[in-house]
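Working notes, structure below.
Quick note: numbers below take in every heavy atom, side chains included, and nothing from hydrogens, waters or symmetry partners. Counting from 1, the numbers follow the sequence of the chain as shown. Quick caveat, the model's predicted, so the values are computed rather than measured.
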Amino acid sequence: MKDSFSFSSLHLDILKEIGNIGSGNATTSLSALLNRKIQMQVPEVNIVRFDEMMDMTGGPEKEIASIFVKIQGDISGSMFFVLPPHEASMLIREMTGNDDFHFQSPPYSDLAVSAYVELGNILCGSYLSALSDMTNLNIQPSVPSAAFDMVGAILTAGLVEISQVADQAIFIETLLLDEKDQYDQMKGQFFLLPDPDSFDKIFNALGAPR
């Protein structure tokens, strides 16, 4: 297996800057979606192994609401966006006006699922758009898929393909701060998993070849 994550401090700084700019784009889109000011902080960007992803999201048996997209275009890979069920449910109630919705009370309405898919599409798309603008590479997300299940089930299914060529991911933790303090620092997590060759394309495009 190719070790694609032997990064220098310069490359880690670049990845963190990508995390900051991508999250800024996502925040702007989320503010427009909810029609009020949302701030997003990026307290942490790290390189983690796949088995550590389980721990970062609360352990394999913890339930999460996730969005998964494939990365297409000049680079390839995958991306997860993960929220705790309680916080994802609050956003869906905001988007749909259904005050009774909760991810822990299935079955879910088609409208609620569509709202969460759209949320993931906006957040992941904004993030990848920022990366595309920085690198001038054509980077597009696939149609997103939403899942509510235990961490182990979701991540294992999403990592089957990429685990053949890599075993680590870029972890970006974000804090969403609502101007109404409604979310009390809602915590969202991005896992960005470019295929090994894609890292070289990103760093070369930014003038920092490895």
For [X] and [Y], indicate whether the former's side chain and the latter's backbone hold a donor-acceptor pair under 3.5 Å.
{"X": "Ser76", "Y": "Gln72", "answer": "no"}
{"X": "Glu87", "Y": "Lys187", "answer": "yes"}
{"X": "Arg93", "Y": "Asn98", "answer": "no"}
{"X": "Thr156", "Y": "Ala153", "answer": "no"}
{"X": "Ser198", "Y": "Ile75", "answer": "no"}
{"X": "Asn204", "Y": "Asp200", "answer": "yes"}
{"X": "Ser129", "Y": "Gly125", "answer": "no"}

I want to check something: taking the side chain as every heavy atom from C-beta on, are [X] and [Y] in contact at a cut-off of under 4.5 Å?
{"X": "Ile139", "Y": "Ile71", "answer": "yes"}
{"X": "Leu30", "Y": "Ile122", "answer": "no"}
{"X": "Ile18", "Y": "Ile202", "answer": "yes"}
{"X": "Phe68", "Y": "Pro144", "answer": "no"}
{"X": "Met79", "Y": "Leu193", "answer": "no"}
{"X": "Ile21", "Y": "Met134", "answer": "yes"}
{"X": "Met56", "Y": "Glu173", "answer": "no"}
{"X": "Gln140", "Y": "Leu128", "answer": "no"}

Query raised in the report: Once the angle between the rings of Phe103 and Tyr108 is folded into 0 to 90°, is it parallel (under 30°), tilted (30 to 60°) or perpendicular (over 60°)?
Result: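 Because their plane-to-plane angle is over 60°, the rings of Phe103 and Tyr108 count as perpendicular.
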Query - Mutual orientation of the aromatic rings belonging to Phe203 and Phe199 [parallel < 30°, tilted 30-60°, perpendicular > 60°] - result: parallel
Using 0.5 Å steps for rounding, measure from the [atom1] atom of [X] to the [atom2] atom of [Y].
{"X": "Cys124", "Y": "Phe80", "atom1": "SG", "atom2": "CZ", "value": "10.5 Å"}
{"X": "Leu192", "Y": "Ile170", "atom1": "CG", "atom2": "CD1", "value": "4.5 Å"}
{"X": "Glu118", "Y": "Leu33", "atom1": "CD", "atom2": "CG", "value": "7.0 Å"}
{"X": "Asp195", "Y": "Ser78", "atom1": "CG", "atom2": "OG", "value": "6.5 Å"}

Same apolar cluster: [X] and [Y], side chain cutoff 4.5 Å:
{"X": "Val48", "Y": "Ile64", "value": "yes"}
{"X": "Leu10", "Y": "Leu131", "value": "yes"}
{"X": "Val113", "Y": "Met90", "value": "yes"}
{"X": "Met150", "Y": "Ile154", "value": "no"}

Query raised in the report: Around atom CG of Asn138, are there more than 12 heavy atoms of other residues, nucleotides or ligands at under 6.0 Å?
Result: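 Yes, enclosed.
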Do you know which two heavy atoms are closest between [X] and [Y], and how far apart they sit?
{"X": "Met95", "Y": "Ala115", "result": "CE-O, 3.2 Å"}
{"X": "Val151", "Y": "Gly59", "result": "CB-O, 3.2 Å"}
{"X": "Glu63", "Y": "Pro85", "result": "O-CD, 3.3 Å"}
{"X": "Phe101", "Y": "Ala112", "result": "CE1-CB, 3.4 Å"}
{"X": "Ala65", "Y": "Tyr116", "result": "O-OH, 2.9 Å"}
{"X": "Gly188", "Y": "Leu83", "result": "CA-CD2, 3.7 Å"}

Query raised in the report: Who passes side-chain hydrogen bond (donor to acceptor under 3.5 Å, both in side chains) against Ser126, sequence neighbours left out?
Result: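 Counting only residues at least two positions away or on another chain, Ser126 forms a side-chain hydrogen bond (donor to acceptor under 3.5 Å, both in side chains) with Ser29.
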Query raised in the report: Which pairs, with at least one residue in residues 45-55 and sequence neighbours excluded, count as a salt bridge (charged side-chain N to carboxylate O under 4.0 Å, His left out)?
Result: Arg49-Asp167
Requested in this report: Output all residues satisfying ring pair (Phe, Tyr, Trp, His ring centres under 6.0 Å) with Phe190, sequence neighbours left out; order by chain, then residue number.
Outcome: Phe81, Tyr127
Query - Worked check of side-chain contact (heavy atoms from CB on, under 4.5 Å) between Met54 and Leu155 - result: CA-CA 8 Å; Met54 303 280 184; Leu155 294 187; 4.0 Å; yes
Query raised in the report: Do Ser8 and His11 have a side chain donor and acceptor closer than 3.5 Å?
Result: yes
